[in-house]
Amino acid sequence: MLGIAALPLGIELRFLDPAPNGCASAVGEQIVGAYDDPEVIGRFCEGLDVVTYEFENVSAAALEQIARHAFVWPPISILEVSQDRLSEKECMQSLGIGTAGFQRVDTEDDLDRALGEIGLPAVLKTRRMGYDGKGQAVVRTVDEATAAFAELGRGGLILESLVPFDRELSIIAVRSMTGEFRAYPLVQNTHRAGILRTSIAPAPDIDSGLQAEAESISKRIADKYGHVGVLTVELFDVGGKLLVNELAPRVHNSGHWSIEGAVTSQFENHVRAVAGLPLGSTRVEGEWTMANLIGGVPPAETLLGIAGAQLHLYGKSERPGRKLGHVTVRTDRPGGPATAQEICGLADAHAL
Ligand SMILES: Nc1ncnc2c1ncn2[C@@H]1O[C@H](COP(=O)(O)OP(=O)(O)O)[C@@H](O)[C@H]1O
Ligand SMILES: [Mg+2]
């Protein structure tokens, strides 16, 4: 989707993906190889002007190597912070931004102490490499916490309080090389088993104070790192107060609706930012619902038979819990909510 946004701007593309025939190879040259293989990295960055990433678990060391040959945006420093849930939360703390209560857990003694501090229920998470709810467990008893520690507890953990949120929101924003900052309207997200199922944009019932608070949180983080590109902040809304769940220094699944729904999509604005071009408008007209296709995909004929449904397939093979595509529909017109419900029902019926 980044590549598709970059092509009309006259930008030539090269992608690095360990999987042969990665979906981006349809829009540019692909180098197949590991993210952390210096020889592969050397071939990849030959002749490139700018390198960006759309996945947090790329190697920061490899990006350091690339940075000797090309500009790397967003900054490696914000990637490194977002790769570690502990440093991410410590960063929020240093900026005076609220998060769930958290404690570092390396040993069983740490776990006992953390449970004493945080209480139950809580969430035990690996600090690194988690995504789509992987590497984490909700624990409601000490026994569950001990079992989760036995399963997860090798590479460093964090215990978080389980936040009794009213809803989950995200704020997607973009910052340019000159420090210009623009945000999209807050998005409301629902997850199942830690995986994003649906997003509604703009989120319903947002007063201007909440939008301003979310933008201020995002801007403080972006300015601290001299961020360039899209920055997403996942938030919990607890009685109208925002807590940060996590950062993603990249385009985000909860912003996919912006392809149809915003004047400039998150993908185009990311490309514009990292290429040093002026940012585009983040204005949204109407209300949009995005439904993820997870594990399995309804027949395209069925989905496209629904008036207004916009289908995006990623060309990936079916696997339980894997995001294979999404559908976007405008929902602020007569029949809109019923259409969204029909699409979400189909997505659910085929989900694995
Ligand atoms: N501390 C928490 N309190 C309540 N829910 C949580 C907490 N941490 C995670 N979750 C739930 O699990 C989902 C995935 O967790 P997250 O930390 O965002 O990891 P991932 O990297 O997998 O997206 C969140 O969107 C939220 O629904
Ligand atoms: Mg998340």
Side-chain angles (χ1 to χ4, degrees), residues 53-58 78-93 97-105 111 114-115 117-140 144-145 148 151-152 155-172 186-201 203 214 217-218 221 230-239 241-256 266 290-292 294-295 319-323 326:
Y53 48 90
E54 47 85 73
F55 170 59
E56 268 111 291
N57 294 327
V58 294
I78 192 168
L79 176 73
E80 285 180 312
V81 165
S82 71
Q83 284 178 333
D84 180 342
R85 295 184 194 280
L86 182 66
S87 46
E88 191 172 66
K89 292 219 161 48
E90 285 170 348
C91 165
M92 294 306 103
Q93 220 168 29
I97 296 168
T99 65
F102 64 95
Q103 291 285 321
R104 175 189 191 130
V105 174
L111 181 64
L115 286 168
E117 292 280 332
I118 302 284
L120 288 164
V123 192
L124 192 63
K125 299 181 180 178
T126 58
R127 281 169 53 184
R128 305 181 69 87
M129 300 302 273
Y131 69 99
D132 284 350
K134 291 184 175 63
Q136 57 176 274
V138 173
V139 295
R140 297 182 185 279
E144 282 180 10
E151 195 177 318
L152 301 171
L157 305 178
I158 181 171
L159 187 75
E160 297 178 12
S161 59
L162 184 70
V163 176
F165 55 78
D166 298 310
R167 56 178 170 170
E168 290 191 80
L169 301 169
S170 55
I171 183 88
I172 296 162
L186 275 160
V187 182
Q188 180 170 312
N189 303 311
T190 56
H191 294 81
R192 204 176 305 153
I195 306 178
L196 182 69
R197 306 299 291 219
T198 63
S199 294
I200 301 176
I217 288 172
S218 168
I221 299 166
V230 164
L231 171 66
T232 305
V233 184
E234 297 179 10
L235 300 159
F236 297 131
D237 176 353
V238 192
K241 191 171 168 291
L242 296 177
L243 298 179
V244 169
N245 173 34
E246 61 170 351
L247 309 180
R250 55 169 170 82
V251 290
H252 194 261
N253 193 175
S254 69
H256 286 5
Q266 63 164 350
M290 183 223 59
N292 267 338
I294 296 168
R319 188 199 296 160
R322 192 180 208 189
K323 292 170 175 170
H326 71 270

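Whatever order the structure lists ligands and atoms in, that order sets their numbers, starting from 1.
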S.K.: Counting heavy atoms only, which of P121, G130, G133 is nearest atom 22 (O) of ligand 1?
M.R.: G133
S.K.: Does ligand 1 have any atom that is closer than 4.0 Å to a heavy atom of S161?
M.R.: yes
S.K.: For side chain to side chain contact (heavy atoms under 4.5 Å, CB included), just list the numbers for I200 and V187, CA-CA rounded to whole Å, side-chain angles, deciding distance to a tenth of an Å, and then say yes or no.
M.R.: CA-CA 6 Å; I200 301 176; V187 182; 5.9 Å; no
S.K.: Is it the side chain (CB and beyond), the backbone, both or neither of L196 that lies under 4.0 Å from ligand 1, heavy atoms counted?
M.R.: neither
S.K.: Report, as yes or no, whether the 6.0 Å neighbourhood of atom NZ on K134 holds more than 12 heavy atoms from other residues, nucleotides or ligands.
M.R.: yes
S.K.: Which of the numbered atoms in ligand 1 are below 4.0 angstrom from a heavy atom of D132?
M.R.: 20 (P), 22 (O)
S.K.: Find, among atoms of E234 that are N, O or S, the one nearest to the Mg ion (ligand 2), and state its name.
M.R.: OE1
S.K.: Enumerate the atoms of ligand 1 whose separation from the nearest heavy atom of E234 is less than 4.0 angstrom.
M.R.: 18 (O)
S.K.: What's the separation between atom CG in D84 and atom OG1 in T126, rounded to the nearest 0.5 Å?
M.R.: 10.0 Å
S.K.: Among L196, I171, N292, which residue satisfies the side-chain contact (heavy atoms from CB on, under 4.5 Å) criterion with S254?
M.R.: L196
S.K.: Using 30° and 60° as the class boundaries, would you call the ring planes of F55 and Y131 parallel, tilted or perpendicular?
M.R.: perpendicular
S.K.: For ligand 1, note which part of V163 has a heavy atom under 4.0 Å away: side chain, backbone, both or neither.
M.R.: both
S.K.: Nearest protein heavy-atom contact for atom 24 (C) of ligand 1: which residue, which atom, what distance?
M.R.: E168 OE1, 3.4 Å
S.K.: Of all the atoms in D132, is at least one N, O or S atom closer to the Mg ion (ligand 2) than 2.8 Å?
M.R.: no
S.K.: I'd like the atom name of the N/O/S atom in E246 lying closest to the Mg ion (ligand 2).
M.R.: OE2
S.K.: Which atoms of ligand 1 sit under 4.0 Å from any heavy atom of V123?
M.R.: 1 (N), 2 (C), 7 (C)
S.K.: State the atoms of ligand 1, each with its element, that fall below the 4.0 Å cut-off from a heavy-atom position in Q136.
M.R.: 9 (C), 12 (O), 14 (C), 15 (O), 16 (P), 17 (O), 19 (O), 22 (O)
S.K.: Which residue is it: K89, Q103, Q136? I am looking for the one with a side-chain hydrogen bond (donor to acceptor under 3.5 Å, both in side chains) to E160.
M.R.: K89
